Amino acid sequence: MVGFIKIAVGATVGLGVVTVAVPVALGAAGFTGAGIAAGTVAAKMMSAAAVANGGGVAAGSTVAVLQSVGAAGLSLATKGAVTAVGGALAYFFPK
């Protein structure tokens, strides 16, 4: 029973990270639902990526993926995977 409690706590932490911490962190960095906010870390990343790629941000690049997550959030499958990893980490690496 003690092992189950550790897994449940780890899974809860994992779920909290994907539903609260990731969107807050991305929003603070400037990856928003309305696009990349001017004058933010996200804007600087986008500028650097555009310069490196000859004027555009490549599809699938870090900036593109972070903007996608910032605008639409993480998929249910990703949330489930991070929750499962949180539970597994709590089980295999207790205190």
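Since this is a predicted model, take the numbers as computed values, not measurements.
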With a 3.5 Å cut-off and sequence neighbours excluded, list the donor-acceptor pairs that the side chains of residues 83-91 form with protein atoms.
| from | atom 1 | to | atom 2 | distance (Å) |
| --- | --- | --- | --- | --- |
| T83 | OG1 | K79 | O | 2.8 |

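A search for side-chain contact (heavy atoms from CB on, under 4.5 Å) contacts involving A58 returns N53, S61, not counting sequence neighbours. Applying the side-chain contact (heavy atoms from CB on, under 4.5 Å) test to L66 and every residue at least two apart in sequence or in another chain returns L26, F31, M45, T62. Scanning for side-chain hydrogen bond (donor to acceptor under 3.5 Å, both in side chains) contacts around S75 gives T78, with sequence neighbours left out.
L15 and L76 are assigned to two separate hydrophobic clusters, defined by single-linkage of ILVMFWY side chains at heavy-atom distances under 4.5 Å. Grouping the Ile, Leu, Val, Met, Phe, Trp and Tyr side chains by contacts below 4.5 angstrom, directly or via other members, places V13 apart from V20.
Residues I36 and V63 meet the side-chain proximity criterion, which asks for heavy atoms closer than 4.5 Å.
Of all heavy-atom pairs between A43 and G39, the closest is CB-N, 3.9 Å.
Every pair tested for side-chain hydrogen bond (donor to acceptor under 3.5 Å, both in side chains) that includes a residue from residues 11-40 fails, sequence neighbours excluded, so the list is empty.
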